[in-house]
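Order of listing sets the numbers, starting from 1, for every ligand and every atom in it. If you read the sequence from its start, that first residue is 1, and numbering goes on from there.
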Amino acid sequence: MRLITALLAATFSSIAVAAPPGPTPALPSPADGYFQRITRVGDGVWLIAQPQPFHVQPIGNVVVVEQRDGLVLIDSGGSPGAGRRIVELIGTVSRKPVKAVALSHWHGDHVLGLSAIAQRWPKLEVIATATTAGHLADRSMRAYPKGAPDTALQAAFDKRLDGLDGFLRETLAKPDLAKRDLVAAERQGFEASQRLLHQYRIDTRGLYVVLPTRTFADRLFLDDPQRPVELLHPGRGNTDGDLVAWLPKQRAMATGDLVVAPIPFGFNAYPSDWQRSLQALRQRHPVLWLPGHGAAMHDDRYLQQVTDLIAASRTAVAAQVAKGVSREKIAIDLSQQRQQFCGDDAWLQRWFDRYWTQPFADAVYREDTGQAIEQGEG
Ligand SMILES: [Zn+2]
């Protein structure tokens with residue numbers, strides 16, 4: 001997810017000016033499940049993921065694949081600090097160097113840890129689809145430093161975090177913004193978000209984008225006797241340049257944010273392409289799914305749930321478009337699906353509406369009315 005922009009767009013419209021600074025919140029506690037852990041998910045394959053997968057500003061998963069002459073990573077974490085933790089975690093499972101990092105898409109929570117990883121292994125290759133490389137070099141990531149930190153761009157980035165900080169404090173102080181009081185789960189969620197934002201500020205100091213050194217359009221094969229990795233662009237979906245990694249011998253599929261648990265992210269997505277792309281992944285019959293956020297999955301039940309959600313969302317919007325409802329007035333009822341994804345967790349339910357229902361309905365509306373879907377800025 002493009003977090004900060006997406007979060008602000010989803011939540012921030014009613015607050016014009018950030019609240020004055022308050023006391024500095026604590027850092028995340030172990031109970032917040034914020035700091036990544038590494039888990040062996042197969043022989044020579046590991047998943048680095050946050051124990052608690054949903055955060056308003058999450059850290060994308062990293063898949064580590066040990067090949068004969070070095071490690072291949074899918075994604076890099078969401079900040080230099082997250083990248084430093086990834087370097088440490090990798091050191092606990094292998095002595096081989098990281099030789100390549102393949103970026104699943106351009107969103108900051110998947111690419112901004114790369115600077116720290118590349119500092120540790122300067123010879124590594126950075127692989128992405130040509131479309132994603134374009135977003136990283138200019139289009140979507142133009143507000144981020146390239147190749148080295150930049151004081152002015154860092155200051156602008158930090159200012160956006162001030163906005164997020166203000167939003168969190170305002171919401172906790174004046175919950176009537178949502179026309180009702182926060183329930184306990186929401187209050188705890190916002191308080192945990194303040195702690196993670198404090199950590200994120202520390203983690204993003206000195207951030208910069210590392211640009212790809214190798215790009216491809218449809219397919220790139222990284223051969224190996226035991227663990228070959230096939231990098232694929234299955235079509236558009238979560239973004240227009242999505243990359244997935246298929247491990248044919250392990251029958252494992254690393255999906256990037258085409259699959260995100262516990263709730264998917266629907267910003268600036270390509271609805272019908274997304275359905276086709278998921279179908280293309282399932283045709284390989286993976287026995288292990290490694291999502292962009294959330295734990296490893298050993299069957300395709302969640303894939304089916306996401307596929308059904310996309311279909312239901314498209315049907316609901318299409319019915320309104322057919323009646324001539326304008327874009328601003330589009331409102332779809334996904335309460336049944338929200339229950340399926342979130343159960344009774346009011347915190348998750350809140351973000352299901354903001355990270356899926358609203359942005360994805362907008363994407364479907366655009367697709368159905370022939371308007372371009374732009375990736376926006378990270
Ligand atoms: Zn993500």
Side-chain angles (χ1 to χ4, degrees), residues 1-10 33-36 47-63 73-83 85-86 101-114 117 128-129 131-132 135-136 140-141 144 164 193 196-197 199-200 203-204 207 209 233-234 236-245 253-270 274 277-278 281 289-297 302-303 306 309-310 341 348 351-352 354-356 359-360 363 375-378:
M1 180 181 65
R2 337 179 326 274
L3 349 135
I4 302 163
T5 309
L7 179 63
L8 294 182
Y34 182 74
F35 294 107
Q36 311 108 296
L47 180 67
I48 297 176
Q50 293 183 287
Q52 168 60 255
F54 180 79
H55 300 273
V56 292
Q57 170 70 54
I59 301 171
N61 285 352
V62 177
V63 177
L73 268 48
I74 316 303
D75 285 337
S76 69
S79 63
R85 295 194 288 275
I86 289 162
V101 180
L103 300 173
S104 66
H105 62 296
W106 64 268
H107 294 168
D109 55 325
H110 299 260
V111 305
L112 289 172
L114 186 49
I117 299 170
T129 62
T131 305
T132 291
H135 285 295
L136 291 170
S140 295
M141 294 297 265
Y144 289 77
L164 186 49
S193 299
L196 84 84
L197 180 60
Q199 183 66 46
Y200 187 65
D203 285 345
T204 50
L207 89 175
V209 172
H233 171 55
R236 302 187 301 185
N238 174 53
T239 71
D240 53 358
D242 292 338
L243 171 157
V244 301
M253 183 71 81
T255 66
D257 282 2
L258 283 167
V259 183
V260 165
I263 55 175
F265 302 142
F267 293 93
N268 303 316
Y270 298 86
W274 196 336
S277 295
L278 287 181
L281 305 195
W289 294 89
L290 302 168
H293 300 263
M297 303 166 190
Y302 189 75
L303 268 286
V306 173
L309 174 67
I310 295 172
F341 279 84
L348 278 186
W351 295 104
F352 182 88
R354 286 164 176 76
Y355 283 180
W356 179 264
F360 196 73
Q375 288 294 285
E377 293 198 20

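- Taking 2.8 Å as the criterion, H293 counts as a coordinating residue of the Zn ion (ligand 1), since one of its N, O or S atoms falls below it.
- Atom NE2 of H105 sits about 5.0 Å away from atom CG of N238, to the nearest 0.5 Å.
- Residue side and main chain included, H107 places no N/O/S atom under 2.8 Å of the Zn ion (ligand 1).
- In the model, S104 has a side-chain atom that pairs as donor or acceptor with a side-chain atom of D75 under 3.5 Å.
- If you look at H293 and F265, their ring centroids are closer than 6.0 Å.
- Counting just the N/O/S atoms of D109, the one with the shortest distance to the Zn ion (ligand 1) is named OD2.
- Nearest N, O or S atom of H110 to the Zn ion (ligand 1): atom NE2.
- When all heavy atoms of P359 and R354 are compared, the closest pair comes out as CD-O, 3.1 Å.
- Taking the Zn ion (ligand 1) as reference, the nearest N/O/S atom within D257 carries the name OD2.
- Side-chain contact check for M141 versus V111: some heavy-atom pair is nearer than 4.5 Å.
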